[in-house]
Trainee: 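Structure in structure tokens, see below.
These values consider heavy atoms only, across backbone and side chains, with no hydrogens, waters or symmetry-generated copies.
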Amino acid sequence: MGNELDDFVNELQEQIYEETRNAYGELAFERWLHMRFMGSMENPDGYARVTGKCGDTMEIFLRFEDDRVKDASFLTDGCGSSAVCGSFAAEMAIGKTPDELIEITGDTILEKLGGLPKEEEHCAFLAGETLQEALSDYMIKKGNRKWSMTCDGKE
Ligand code: FES
């Protein structure tokens with residue numbers, strides 16, 4: 001009896017995996033199974049927290065070295081798609097300069113994933129928007145540092 005139940009559960013799990021893979025594509029499915037770049041970061045150089053229209057929130061953390069992203073991570077309280085999109089936003093950000101980061105948007109995340117179901121495309125836009133806000137945060141801090149250096153010479 002126990003075995004039959006195990007078989008049933010395994011079959012059900014396989015079925016769910018298959019449906020998920022078909023709906024979201026192999027890349028998103030694999031990332032959902034093996035999530036990467038999820039977590040917070042202490043004292044990031046660029047940080048943003050954005051709540052989308054759906055009510056879900058995304059956070060993105062960026063660490064720069066020589067004006068390139070050395071490390072990136074994300075957190076979200078949203079759906080599986082938002083986690084996948086946040087994860088790819090972080091992955092795509094690593095190694096990029098600010099000029100290159102500007103190119104990473106909801107559209108490029110969707111392109112990378114080969115699309116998402118229509119009703120979940122906004123998850124990619126939330127990730128793209130949060131990344132752009134984190135970049136702005138970095139640029140503002142960087143600008144302020146320059147500003148304070150020329151104005152009071154303390155830096
Ligand atoms: Fe809100 Fe996916 S449903 S981010």
Side-chain angles (χ1 to χ4, degrees), residues 16-155:
I16 291 168
Y17 277 9
E18 199 49 42
E19 283 169 11
T20 309
R21 183 183 279 118
N22 289 339
Y24 294 86
E26 190 65 30
L27 202 58
F29 175 72
E30 279 304 320
R31 183 58 56 94
W32 175 66
L33 279 185
H34 308 288
M35 193 49 65
R36 300 178 66 199
F37 309 107
M38 187 159 71
S40 64
M41 189 187 284
E42 291 227 347
N43 304 316
D45 299 312
Y47 168 77
R49 184 176 196 274
V50 176
T51 300
K53 284 197 186 113
C54 61
D56 296 333
T57 297
M58 173 88 61
E59 292 174 86
I60 292 204
F61 307 81
L62 301 173
R63 169 115 46 242
F64 284 76
E65 202 176 272
D66 298 329
D67 219 25
R68 264 183 202 280
V69 178
K70 186 174 188 291
D71 216 350
S73 64
F74 81 97
L75 283 176
T76 184
D77 62 2
C79 62
S81 289
S82 68
V84 167
C85 292
S87 180
F88 274 100
E91 179 176 294
M92 290 160 78
I94 291 172
K96 302 283 196 307
T97 62
D99 279 353
E100 293 165 340
L101 281 177
I102 290 172
E103 308 290 321
I104 306 172
T105 61
D107 282 319
T108 52
I109 294 168
L110 282 174
E111 215 173 281
K112 171 97 180 167
L113 292 172
L116 280 176
K118 199 94 200 119
E119 62 280 9
E120 291 180 41
E121 285 182 349
H122 71 273
C123 312
F125 290 101
L126 177 60
E129 188 187 339
T130 313
L131 178 62
Q132 293 305 318
E133 290 292 328
L135 171 62
S136 295
D137 180 50
Y138 169 69
M139 296 306 283
I140 289 167
K141 286 178 184 162
K142 198 176 112 167
N144 281 345
R145 269 203 300 274
K146 270 190 195 150
W147 185 82
S148 68
M149 190 160 50
T150 49
C151 288
D152 60 25
K154 280 184 188 151
E155 223 176 297

Trainee: For side-chain contact (heavy atoms from CB on, under 4.5 Å), just list the numbers for His122 and Lys53, CA-CA rounded to whole Å, side-chain angles, deciding distance to a tenth of an Å, and then say yes or no.
Mentor: CA-CA 9 Å; His122 71 273; Lys53 284 197 186 113; over 6 Å; no

Trainee: Any donor and acceptor pair, going by atom type alone, linking the side chain of Gln132 with main-chain N or O of Ile104 inside 3.5 Å?
Mentor: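 Such a contact is found between Gln132 side chain and Ile104 backbone.
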
Trainee: Which heavy-atom pair separates Cys85 from Leu116 by the least distance, and what is that distance?
Mentor: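 Shortest heavy-atom separation between Cys85 and Leu116 comes out as SG-CD1, 3.7 Å.
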
Trainee: Going from CG on Asp71 to CD1 on Ile94, what distance comes out if it is rounded to the nearest 0.5 angstrom?
Mentor: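 Taking CG in Asp71 and CD1 in Ile94, the distance rounds to 6.0 Å.
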
Trainee: CZ/Phe125 to SG/Cys54 distance, rounded to the nearest 0.5 angstrom?
Mentor: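 Answer rounded to 0.5 Å: 13.0 Å.
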
Trainee: When you look at Phe37 and Phe61, which way does the side-chain contact (heavy atoms from CB on, under 4.5 Å) test go after all the steps?
Mentor: CA-CA 10 Å; Phe37 309 107; Phe61 307 81; over 6 Å; no

Trainee: Return the minimal non-hydrogen interatomic distance between Ala93 and Leu62, and the atom names on each side.
Mentor: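 Looking at all heavy atoms of both residues, the closest pair is CB-CD2, 4.2 Å.
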
Trainee: Should Met35 and Ser87 count as side-chain neighbours, where that means a heavy-atom distance under 4.5 Å?
Mentor: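 Yes, side chains in contact.
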
Trainee: Within a strict 4.5 Å, meaning less than it, do heavy atoms of the Tyr24 and Leu113 side chains meet?
Mentor: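 Tyr24 vs Leu113: side chains apart.
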
Trainee: Taking it one step at a time, do Glu59 and Phe74 satisfy side-chain contact (heavy atoms from CB on, under 4.5 Å)?
Mentor: CA-CA 5 Å; Glu59 292 174 86; Phe74 81 97; over 6 Å; no

Trainee: Phe88: what forms a ring-ring contact (aromatic ring centres under 6.0 Å, His included) with it, not counting sequence neighbours?
Mentor: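 Per chain and number, Phe88 pairs via ring-ring contact (aromatic ring centres under 6.0 Å, His included) with no residue.
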
Trainee: Enumerate the salt bridge (Lys or Arg N to Asp or Glu O under 4.0 Å) contacts for residues 98-108, please, sequence neighbours excluded, ordered by first and then second residue.
Mentor: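 Matches after skipping sequence neighbours: Arg68-Glu100.
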
Trainee: So, for Asp137 and Asp45, which heavy atoms are closest and what is the spacing to 0.1 Å?
Mentor: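 Smallest interatomic distance, heavy atoms only, reads OD2-O, 4.0 Å.
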
Trainee: Using side-chain heavy atoms (C-beta onward) and a distance below 4.5 Å, is Tyr17 in contact with Leu33?
Mentor: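 Yes, close enough: below the 4.5 Å cut-off.
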
Trainee: How many angstroms lie between atom OG of Ser81 and atom CG of Leu126, to the nearest 0.5 angstrom?
Mentor: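 Taking OG in Ser81 and CG in Leu126, the distance rounds to 11.5 Å.
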
Trainee: Could you pull out the closest heavy-atom pair between Ala124 and Ile109, with the gap in Å?
Mentor: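 In this case the closest contact between Ala124 and Ile109 is O-CD1, 3.9 Å.
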
Trainee: Main chain of Glu42, side chain of Arg63: is a donor-acceptor contact present, judged purely on distance under 3.5 Å?
Mentor: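 Confirmed, Arg63 side chain pairs with Glu42 backbone.
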
Trainee: Could you go through the salt bridge (Lys or Arg N to Asp or Glu O under 4.0 Å) check for Lys142 and Asp67 one step at a time?
Mentor: CA-CA 10 Å; Lys142 198 176 112 167; Asp67 219 25; 3.3 Å; yes

Trainee: At what distance, to the nearest 0.5 angstrom, does CD of Glu133 lie from CZ of Arg49?
Mentor: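 Reported value, rounded in 0.5 Å steps: 13.5 Å.
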
Trainee: Could you give me the CA-CA distance, side-chain angles and deciding distance for Cys123 and Thr76, then say whether side-chain contact (heavy atoms from CB on, under 4.5 Å) is met?
Mentor: CA-CA 10 Å; Cys123 312; Thr76 184; over 6 Å; no

Trainee: Rounded to the nearest 0.5 Å, what separates atom NZ in Lys96 from atom CG in Leu131?
Mentor: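 The distance works out to 10.0 Å.
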
Trainee: Can you list everything that forms a ring-ring contact (aromatic ring centres under 6.0 Å, His included) with Phe64? Sequence neighbours excluded, please.
Mentor: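 In terms of ring-ring contact (aromatic ring centres under 6.0 Å, His included), with neighbours along the sequence ignored, Phe64 is linked to Tyr138.
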
Trainee: Once you round to the nearest 0.5 Å, how far does CG of Asn22 lie from CZ of Phe29?
Mentor: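 Output value for this atom pair is 9.5 Å.
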
Trainee: Identify the two heavy atoms, one from Met58 and one from Ser82, that lie closest to each other, and give their separation to 0.1 Å.
Mentor: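 Shortest heavy-atom separation between Met58 and Ser82 comes out as CE-O, 3.3 Å.
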
Trainee: Do you know which two heavy atoms are closest between Val50 and Glu129, and how far apart they sit?
Mentor: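 That closest heavy-atom pairing would be CG1-OE2, 3.7 Å.
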
